[in-house]
Student: 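Have a look at this one before I ask anything.
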Amino acid sequence: MTNHRRHNAPRRRTRQTTPRTHWLLLSVLAVTLSTALLLQGYTHHMFGLTSDSVTGVRGRHDTVPTQVIHGGPVIANAATSPHTAEVKTRTIALTFDDGPDPVWTPRILDVLRRNHVHATFFVVGTQAVAHPELVRRIVADGHQIGIHSFTHPDLTHLAPWHRSLELRETQLAVAGAAGVTTALLRPPYSSRNDALDDADWSVLKQAGAAGYVTVLATQDAEDWQRPGVERILAHTRPHGHAGQIVLMHDAGGDRSQTVAALSALVPRLKAKGFKFTTVSDAVGMAPPVRPAGLGDHLQGLALINVLQGGDWAVWSLGLLMYAAGVISALRAVVVLIAARRHRRLRTGRRRAWGPPVTEPVTVIVPAYNESAGIEAAVRSLLASDHPVEIIVVDDGSTDGTADLVESLHLPVRVIRQQNAGKPAALNTGLAAATWDLVVMVDGDTVFEPDTVRTIVQPFADPRVGAVSGNAKVVNRGGLLGRWQHIEYVVGFNLDRRLFDLAECMPTVPGAVGAFRRRALLDLGGVSDVTLAEDTDLTMALCRDGWRVVYEESAKAWTEAPASLDALWRQRYRWCYGTLQAMWKHRGALVQRGPAGKLGRRGLVYLLLFQVLLPLLAPVVDVFALYGLVFLDPVRIIGLWLAFLLLQLMMGLYAFHLDGERPGPLWSLPLQQFVYRQLMYLVVIQSVFTALSGSRLRWQRMERYGSLQVPGGAEAPRTDRTGNRTASAGSAGACRPTGPRTRVAVVEQVTGRGPTPASDHSSMP
């Protein structure tokens, strides 16, 4: 979220309520969504409606009984004692496959109604789920229902269990939609009896064992080829007086020719003495459609609701994905334009601040168990090229932090107090400060020699109440270190340039920030009602009419968490504290002046890009996985690469602005798969914690001692536990790629060898 440090405060002894219910809820939602998406992907993208010719040439028919090959088109008891039924003479059974379709099925039903004709509709399960009202209309109009599989696959290519699933799910879809079940089946891509092969027969035998009667065709209208109305009529014209089962389609494409041909066919054949009826009446079999049992009806309703919910979920995910993409692209464009303009205005604005600020500055260092890095921090401050008064406020440390500072015999004031938390320590420092300009720095942070002088120059403008410096990661070794380094440079500092231009800076980081003492005292000092005391303080200054600016040249080097667990705890604290501060200062949304800028610019930006966008981002990832499996993977990968390219462009420009080598950006693709998801979970956890009303207590930060390694040309590297590796140099109080003169200064300041990584924590 924003770049600041948090510390533990024992006086916040509120009972810790771990909000585990929301993780259970999220897990249930994730499983439900995944199930719905899997079903939706299977039902809509694994097979689908294709032309009846796609299966090609049939195989051998050695196992197909002769009486079936030369028998009637209706086949029963295929698994035991197969027999067939012929259609009565001068009888036509019109059958329609692949529906129902919201456009063509109603038109066909209208034609049949006008001609007082009943037909048989072999429905596809997914179509029945999508349009249950049409299934109900088919039944209500007196037509017969049969099943045509669930997803329209070639059943001969499926395993027996898969075939059973296809038939069962279609049966449930019909039961849920119309409250009936049917014994009629027409396998996809089937035609006449003499076209059956051994694979087809295995399907018919399995269906017969399940109680289905297979209905083939004697005449194929071939309307799926859309050959023209006259050709369709020619294909459906009966030969002599023999009864026929005519195969037509009410879905799967443009069926306008079918509708037109049907309108002409029925009157013509009626005029020749033919009777139109359903399949069962045409062969004289018992009614195959019966009322569904309560269990099947309820299961069918559940299936319809789940799959329709999956359709809605996919549509919503697609919409959210595009929305997130547009928001991300918009943010990138706005941030890059703002950064470029900020850079152009930087030199002129520095001259516009006023005469150089030369008055001394009080530097306040709140410290709790900071013995691992406090010496490096203090010595770097004493090496400042600006007059400073240094006050170390020891907040009840148990590791000898205060004793260590005093043993250095340096011109540093040490104030000891009982452990009361970082805000209390800062307020103690403010009360003891001699000068009106104060710089606040964490005990795990090292300044460059010109940092203090640079950060106080904007105070030449009397409107400026606070200045944010440029915090940089010193322990950037390993993937986790590189990812945080990228985040600090690309995320935090690009955002600050935008906030600076928009005059709505929400956070001056605790690692490196400067303030007017009188402005803070007017506010009553540093508040302890949120975990983000620096964000809370900055927002309060903006609402009080002070301008807060960003000075990117004021660099400070700070230790970042070296483990995922430590990173999680730190970012959870930051994010939750920022949400607290946003809620506390929500009144800025309706205020005017500087407060209004903070509210309508800063708070809205934080809400959109640091709360809502991270909440939407997992949706994008889920849809991307769905797309890779069920949609066009090339398109999905292309979109992901476009997003990555956008991130890379932002990274390259941000690194250029900060004078950093772009080498760490090679890990950016990996960051998208691990680090980004962790940050999303942090936001989700924080939002649920805030909504549940739970209080998050102050937590401890590990210290690794990486700031005390002697200076070198490269930043110190740390292993997964935070320990320094032998080949690492130190950024110390200067940037890793900085001039050799500064490196020499750092070596002079730190003045001692490596200190082993320790488990000291920051202020509670």
Side-chain angles (χ1 to χ4, degrees), residues 1-7 353 357 361-367 377 380-381 384 386 388-393 422-423 425-430 433 435-448 450-459 461 464-473 488 492-493 495-497 499-500 503-521 523 525-528 530-542 544 546-559 574 577-578 581 598 602 733 762-763:
M1 297 287 291
T2 49
N3 180 23
H4 37 259
R5 297 265 168 191
R6 306 288 174 263
H7 304 286
W353 292 133
V357 175
V361 174
T362 297
V363 181
I364 303 173
V365 186
S380 72
L381 294 171
S384 298
H386 191 91
V388 294
E389 170 194 40
I390 301 174
I391 300 176
V392 175
V393 182
K422 183 179 180 182
L426 291 172
N427 287 329
T428 298
L430 283 174
W435 307 106
D436 184 55
L437 299 182
V438 296
V439 172
M440 297 179 183
V441 54
D442 286 338
D444 63 341
T445 303
V446 175
F447 275 19
E448 294 192 355
D450 63 351
T451 299
V452 174
R453 173 175 52 82
T454 304
I455 201 171
V456 299
Q457 295 310 307
F459 288 115
D461 185 340
V464 174
V467 183
S468 168
N470 186 350
K472 306 180 76 63
V473 174
Y488 272 60
F492 298 152
N493 290 329
D495 279 348
R496 287 199 179 91
R497 288 179 167 89
F499 292 141
D500 192 359
E503 298 182 12
C504 60
M505 186 76 66
T507 302
V508 172
V512 53
F515 304 86
R516 290 191 191 274
R517 179 171 176 266
R518 58 185 172 88
L520 300 186
L521 294 178
L523 294 174
V526 182
S527 172
D528 64 351
T530 73
L531 296 185
E533 82 287 331
D534 45 8
T535 299
D536 184 8
L537 182 62
T538 307
M539 291 182 178
L541 285 170
C542 289
D544 203 36
W546 292 99
R547 187 177 176 190
V548 182
V549 300
Y550 174 54
E551 179 50 71
E552 70 274 15
S553 298
K555 297 183 176 65
W557 299 86
T558 187
E559 283 188 325
W574 288 8
T578 300
L598 169 70
S762 66
M763 187 170 298

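We use all heavy atoms of the structure for the numbers below, so side chains are in, but hydrogens, waters and symmetry mates are not.
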Student: Report yes if the side chains of Thr558 and Asp442 come closer than 4.5 Å at any heavy-atom pair, otherwise no.
Tutor: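 Of all side-chain heavy-atom pairs linking Asp442 with Thr558, none is under 4.5 Å.
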Student: Please report the interatomic distance CG(Leu430) to CG(Leu520), rounded to the nearest 0.5 Å.
Tutor: 5.5 Å
Student: If we ignore hydrogens and angles and just use 3.5 Å, is the side chain of Asn427 paired with the main-chain N or O of Gly525 as donor and acceptor?
Tutor: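 It does not hold such a pair.
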Student: Hey, are the side chains of Asn493 and Arg496 touching, using non-hydrogen atoms and a 4.5 Å cut-off?
Tutor: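 Yes. Closest side-chain heavy atoms under 4.5 Å.
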Student: Can you name the closest pair of heavy atoms from Thr530 and Ala581 and give their distance?
Tutor: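 What the structure gives for the nearest pair is CG2-N, 4.2 Å.
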Student: How close do Val438 and Ala433 get, heavy atom to heavy atom, and via which atoms?
Tutor: CG1-CB, 4.1 Å
Student: Does any non-hydrogen side-chain atom of Val456 lie less than 4.5 Å from one of His386?
Tutor: yes
Student: Ignoring hydrogens, what is the shortest heavy-atom contact between Ala471 and Tyr488? Give both atom names and the distance.
Tutor: O-CD2, 3.3 Å
Student: For residues Met505 and Val549, determine if any side-chain heavy atom of one lies less than 4.5 Å from a side-chain heavy atom of the other.
Tutor: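 When only atoms from C-beta onward are counted, Val549 and Met505 do not touch, as no gap falls below 4.5 Å.
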Student: Find the distance between CD (Glu389) and CD1 (Ile364) and round it off to the nearest 0.5 Å.
Tutor: 8.5 Å
Student: Are Val439 and Val388 side-chain neighbours, meaning at least one heavy-atom pair lies under 4.5 Å?
Tutor: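 Not in contact.
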Student: Determine whether a donor-acceptor pair (N or O, by modelled atom type, separation under 3.5 Å) exists between the side chain of Ser468 and the backbone of Tyr550.
Tutor: no
Student: Name all residues meeting the salt bridge (Lys or Arg N to Asp or Glu O under 4.0 Å) criterion together with Arg516; count only those two or more places apart in sequence or in a different chain, and write none if there are none.
Tutor: none
Student: Thr507 and side-chain hydrogen bond (donor to acceptor under 3.5 Å, both in side chains): which partner among Thr535, Thr578, Asp536?
Tutor: Thr535
Student: Please report the shortest heavy-atom distance between Val512 and Asn470, naming the atom on each side.
Tutor: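 Minimum heavy-atom contact is CG1-N, 3.9 Å.
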Student: Is there a side-chain contact (heavy atoms from CB on, under 4.5 Å) between Met440 and Leu426 once you walk through the steps?
Tutor: CA-CA 8 Å; Met440 297 179 183; Leu426 291 172; 3.8 Å; yes
Student: With sequence neighbours left out, what residues match Gln457 under side-chain contact (heavy atoms from CB on, under 4.5 Å)?
Tutor: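 Testing Gln457 for side-chain contact (heavy atoms from CB on, under 4.5 Å), a comparison that skips the adjacent residues, returns Pro356, Val357, Arg453.
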Student: Going by side-chain contact (heavy atoms from CB on, under 4.5 Å), name the residues that satisfy it together with Ala466, two or more places apart in sequence or in a different chain.
Tutor: Val508, Phe515, Leu541, Val548
Student: Which heavy-atom pair separates Pro366 from Val441 by the least distance, and what is that distance?
Tutor: CD-O, 3.3 Å
Student: Does Thr538 have any side chain to side chain donor-acceptor pair (under 3.5 Å) partners at least two apart in sequence or in another chain, and if so, which?
Tutor: none
Student: Listed by chain and number, what are the side chain to side chain donor-acceptor pair (under 3.5 Å) partners of Ser384, not counting sequence neighbours?
Tutor: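 Result, side chain to side chain donor-acceptor pair (under 3.5 Å) vs Ser384: none returned.
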Student: For Pro506 and Leu598, work out which heavy atoms get closest and say how close.
Tutor: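 Looks like CA-CD1, 4.3 Å.
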Student: Is there a side-chain contact (heavy atoms from CB on, under 4.5 Å) between Val361 and Trp435 once you walk through the steps?
Tutor: CA-CA 6 Å; Val361 174; Trp435 307 106; 5.8 Å; no
Student: Please examine the side chains of Lys422 and Val526, heavy atoms only from C-beta on, and report whether any two atoms are closer than 4.5 Å.
Tutor: no
Student: Quick one: salt bridge (Lys or Arg N to Asp or Glu O under 4.0 Å) partners of Asp461, sequence neighbours excluded?
Tutor: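 Salt bridge (Lys or Arg N to Asp or Glu O under 4.0 Å) check on Asp461 returns Arg463.
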Student: Quick check: do Arg547 and Asp500 have side-chain heavy atoms less than 4.5 Å from each other?
Tutor: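 Heavy-atom side-chain distance check passes, below 4.5 Å.
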Student: Residues in side-chain contact (heavy atoms from CB on, under 4.5 Å) with Ala554, at least two apart?
Tutor: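 Thr451, Thr454, Ile455, Glu551.
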